[in-house]
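Because the structure is predicted, anything quoted here is derived from the model rather than measured.
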Amino acid sequence: MIKVENLHKSYGKLEVLKGISTTITSGEVIAIIGPSGSGKSTFLRCLNLLEKPTDGKVWISDSELTNPKTDIAKVRQNVGMVFQHFHLFPHKTVLENLTYAPMTVKGLSKNEAEEQAKTLLNKVGLLEKANEYPNRLSGGQKQRVAIARALAMNPDVMLFDEPTSALDPEMVKEVLEVMKDLAQTGMTMAIVTHEMGFAKEVADRVLFLDGGLLVEDAPPSEFFTAPKTKRAQDFLEKML
Ligand SMILES: Nc1ncnc2c1ncn2[C@@H]1O[C@H](COP(=O)(O)OP(=O)(O)OP(=O)(O)O)[C@@H](O)[C@H]1O
């Protein structure tokens, strides 16, 4: 479960998030969409405090991350994050990318971590790349490794920040398929995306942000067929 209450974020005088409140329940898949610069990535990054909110509260499960007494690093261990540009460790093999955090942070033995890593690589269709270095992989393969690496910490929640935006079009589908499979396992997921087809098909709920405000919060069946606001109508006209 993720809950935000009256979330504000400013960079100097620029107010990027202007008071957002919502709850993402366990197992829900949320697509965060909206025009460029509307605050989507900032919102997502505030959920695990990669960006520190200027005001408002954020909870993950029972922990309030915005409470200074909370051990944020500990809570983050249960939150996987996937970025637009993969952020794999370039000098580690694919397998080492997956085993590093479970061994160093969670104290798994090398054998345990490798067993788990191989299971995950098999799930994302990349077991045969276990001993390769990231620079030998395509963008789509790198992103599938990044997803597997995030899952290796056995998180309760997965955050995705435009995971397919840096990919060549022919690689988008393989990454979305992995995410779709993950959604079907009941993982709680929040995804900033420009992939409207994916949002329509896979998300339980769409959050439409515009100008730092949560303008619409609705299931895709409602949002895509009957958006309530002019801002969402205009946005969809351009996107679809
Ligand atoms: N670290 C930062 N310092 C200053 N301004 C920032 C910073 N990060 C984001 N911004 C500004 O905040 C606004 C919202 O950015 P954000 O990346 O959250 O939007 P977005 O909706 O994800 O956009 P896009 O779809 O283009 O990625 C933009 O005007 C951006 O320039």
Do [X] and [Y] touch side chain to side chain, with heavy atoms closer than 4.5 Å?
X      : Y      : result
Trp59  : Val4   : no
Asn67  : Lys57  : no
Asp161 : Val82  : no
Glu132 : Leu126 : no
Thr54  : Ser10  : yes
Thr188 : Met1   : no
Asp181 : Lys123 : no
Asn131 : Val94  : no

Side-chain donor/acceptor of [X] to backbone N/O of [Y], under 3.5 Å:
X      : Y      : value
Asn97  : Thr93  : yes
Glu222 : Pro219 : no
Arg45  : Leu50  : no
Lys40  : Pro35  : yes

[X] side, atom [atom1]; [Y] side, atom [atom2] - distance, nearest 0.5 Å:
X      : Y      : atom1 : atom2 : value
Glu201 : Glu195 : CD    : CD    : 11.5 Å
Ile191 : Ile30  : CD1   : CD1   : 9.0 Å
Ile32  : Leu159 : CD1   : CG    : 8.0 Å
Thr164 : His194 : OG1   : NE2   : 8.5 Å
Asn135 : His91  : CG    : NE2   : 9.5 Å
Thr229 : Asp210 : OG1   : CG    : 8.0 Å

From CA spacing to verdict: side-chain contact (heavy atoms from CB on, under 4.5 Å), Val58, Leu7 | CA-CA 8 Å; Val58 179; Leu7 189 67; 3.8 Å; yes
Got more than 12 heavy atoms from elsewhere within 6.0 Å of [atom1], [X]?
X      : atom1 : result
Phe224 : CZ    : yes
Asp71  : CG    : yes
Lys106 : NZ    : yes

Does the distance from a Lys or Arg side-chain N to an Asp or Glu carboxylate O, for Glu177 and Lys173, drop under 4.0 Å?
-> no
Using a strict 4.0 Å threshold on nitrogen-to-oxygen distance, state whether Lys228 and Glu216 make a salt bridge.
-> no
Do you know which two heavy atoms are closest between [X] and [Y], and how far apart they sit?
X      : Y      : value
Cys46  : Leu17  : SG-CD1, 4.1 Å
Ala31  : Ala199 : CB-CB, 3.7 Å
Arg231 : Phe208 : O-CZ, 3.8 Å
Ser138 : Glu174 : OG-OE2, 4.3 Å
Val175 : Gly140 : CG2-O, 3.6 Å
Val29  : Ala183 : CG2-CB, 3.7 Å

With Arg149 as the cation and Phe86 as the aromatic partner, state whether NZ or CZ is under 6.0 Å from the six-membered ring centre and within 45° of the axis.
-> no
[X], [Y]: one ILVMFWY side-chain cluster at the under-4.5 Å cut-off?
X      : Y      : value
Met81  : Leu207 : yes
Ile33  : Ile20  : no
Met179 : Leu167 : yes
Leu108 : Met153 : no
Phe43  : Phe160 : no

Is it true that [Y] and [X] share a donor-acceptor pair across their side chains at a distance under 3.5 Å?
X     : Y      : answer
Thr25 : Glu28  : yes
Thr22 : Asp217 : yes
Glu64 : Thr66  : yes

Lys238/Asp234 under salt bridge (Lys or Arg N to Asp or Glu O under 4.0 Å): CA gap, chis, key distance, verdict = CA-CA 7 Å; Lys238 280 186 213 134; Asp234 290 347; over 6 Å; no
Using the side-chain contact (heavy atoms from CB on, under 4.5 Å) rule, take Gln77 and Asn154 through it: C-alpha gap first, then chi angles, then the decisive distance, then the call.
-> CA-CA 8 Å; Gln77 288 177 19; Asn154 201 16; over 6 Å; no
Full working for side-chain contact (heavy atoms from CB on, under 4.5 Å) between His8 and Asn6 | CA-CA 6 Å; His8 286 259; Asn6 200 24; 3.3 Å; yes
Evaluation steps, side-chain contact (heavy atoms from CB on, under 4.5 Å), between Ile60 and Arg76 = CA-CA 9 Å; Ile60 291 201; Arg76 279 209 194 112; over 6 Å; no
Chi angles and distances behind the salt bridge (Lys or Arg N to Asp or Glu O under 4.0 Å) call for Lys9, Glu15 | CA-CA 6 Å; Lys9 175 70 186 176; Glu15 198 183 8; over 6 Å; no
